[in-house]
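Please read these numbers as outputs of a predicted model, since none were measured by experiment.
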Amino acid sequence: MTSSTPSDEPTYADRTYRSGASMVAGVLLLLLIAWLVIDALFTGAGRAPWQALAAGVFLVPLVVALTLRPAVMAGARRVLVRNPFRTIRLPWSEVEGLRAAYSTELSTTGGAKYQVWALPVSLRDRKRALRQTSAALREGQGAQGHVRPAAADQAVSELRQLAQDDAELRAAAEAQGVPVPGAQEVTSSVRWAWEIIVPAVVGAIALVVLFATA
């Protein structure tokens, strides 16, 4: 899946991966929370409106974090993994491996491992792909070009290809004694999503205080 990214992250605009099901669920949950909070504000008595508002402040960031926020943005030189509460930026040279078993995991050359929330593994999709592959082989068609792999497996395969392309480019540049284009601009970082954490904590504290002093 290809998409564009915000202007402050132009180097990740080549490919963007998100879970469509999670995004749909997130929008529906946000609409439900909004309806409940608005209803409580206009019809609730006593502290109910304030409690509903605090609950909304607490729940909305969590729903956004778990459903709408997760994404993988991959370019030629680097990859960005946006998880619910952290954002990981890595050049491909620091990515040791990507695998999709029961969940998708990225490992780095420094020994760190990160779950990739944007690429959930569906065992049902994987079993369906295996059945289709087996059926194609029995019919003598061959699996190549006839069977679409599970979404997470397909995404991991594409990301691995980007990593391999980067490694080949680096090897060729090193052999010629020239710098890799754009390599000097690639840095690694891990940042906490304070824009998610702070509102959720504030909402949780307000909710506890309101119920404790009721």
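With sequence neighbours excluded, the residues satisfying side-chain hydrogen bond (donor to acceptor under 3.5 Å, both in side chains) with Ser188 are Glu94. Not counting sequence neighbours, Gln176 has no partner by the side-chain hydrogen bond (donor to acceptor under 3.5 Å, both in side chains) test. Applying the side-chain hydrogen bond (donor to acceptor under 3.5 Å, both in side chains) test to Thr213 and every residue at least two apart in sequence or in another chain returns Arg47.
No chain of hydrophobic side-chain contacts below 4.5 Å, direct or via other Ile, Leu, Val, Met, Phe, Trp or Tyr residues, connects Val64 to Val72. Under the 4.5 Å side-chain heavy-atom criterion for Ile, Leu, Val, Met, Phe, Trp and Tyr, Val202 and Leu53 are members of the same hydrophobic cluster. A continuous path of Ile, Leu, Val, Met, Phe, Trp and Tyr side chains, each step under 4.5 Å between heavy atoms, connects Val201 with Ile196, placing both in one hydrophobic cluster. Leu62 and Trp192 fall within a single hydrophobic cluster, where Ile, Leu, Val, Met, Phe, Trp and Tyr side chains are chained together by heavy-atom contacts under 4.5 Å. Hydrophobic clustering places Val63 together with Phe85 (ILVMFWY residues linked when any side-chain heavy atoms are closer than 4.5 Å, directly or through intermediates).
Listed by first then second residue, pairs satisfying salt bridge (Lys or Arg N to Asp or Glu O under 4.0 Å) with a partner in residues 49-75 read Arg69-Glu195, not counting sequence neighbours. Screening residues 102-115 for salt bridge (Lys or Arg N to Asp or Glu O under 4.0 Å) gives Arg99-Glu105 as the qualifying pairs, with residues at least two apart or on separate chains.
Residue Ala155 comes nearest to Leu119 through the heavy atom pair CB-CD2, 3.7 Å, listed as atom of the first residue, atom of the second, then distance. Contact record, Pro61 with Gly56: CD-O, 4.1 Å, taken as the closest heavy-atom pair. The minimum heavy-atom distance linking Ala54 with Ala206 is given by the pair CB-CB, 4.0 Å. Scanning all heavy atoms of the two residues, the minimum distance from Arg15 to Tyr17 falls at CD-OH, 3.3 Å. Ala76 and Trp92 get closest at one heavy-atom pair: O-CD1, 3.3 Å. Residue Thr67 comes nearest to Gly26 through the heavy atom pair OG1-CA, 3.2 Å, listed as atom of the first residue, atom of the second, then distance.
Note that the CH2 atom of Trp117 and the OG atom of Ser19 stand 11.5 Å from one another [nearest 0.5 Å]. Ile197 CD1 to Arg86 CZ: the interatomic distance, rounded to the nearest 0.5 Å, is 10.0 Å. Atom CG of Leu162 is separated from atom CZ of Arg78 by 13.5 Å, given to the nearest 0.5 angstrom. To the nearest 0.5 Å, atoms CG (Leu207) and CZ (Phe58) are separated by 7.5 Å. Note that CG of Asn83 is 10.5 Å distant from CG of Leu66, once rounded to the nearest 0.5 Å. Remark: Leu169 CG to Gln164 CD distance equals 12.5 Å, nearest 0.5 Å.
Counting heavy atoms from C-beta on, the side chains of Val190 and Tyr114 come closer than 4.5 Å. Taking 4.5 Å as the limit, some side-chain heavy atom of Met73 sits within range of a side-chain heavy atom of Arg18. Side-chain contact between Ser93 and Arg170 is present, with heavy atoms from C-beta onward closer than 4.5 Å. Contact of the Leu30 side chain with the Leu68 side chain is registered, since non-hydrogen atoms from C-beta on lie closer than 4.5 Å. No side-chain heavy atom of Val121 sits under 4.5 Å from any side-chain heavy atom of Tyr102. For the pair Leu106 and Val95, the minimum side-chain heavy-atom distance is below 4.5 Å. Between Leu80 and Ile88 the shortest side-chain heavy-atom distance does not fall below 4.5 Å. No side-chain heavy atom of Gln154 sits less than 4.5 Å from a side-chain heavy atom of Val156.
In this structure, the side chain of Arg160 engages the main chain of Leu98 through a donor-acceptor pair within 3.5 Å.
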Acceptor/donor pairs from residues 32-42 side chains to any protein atom, 3.5 angstrom cut, sequence neighbours excluded:
none

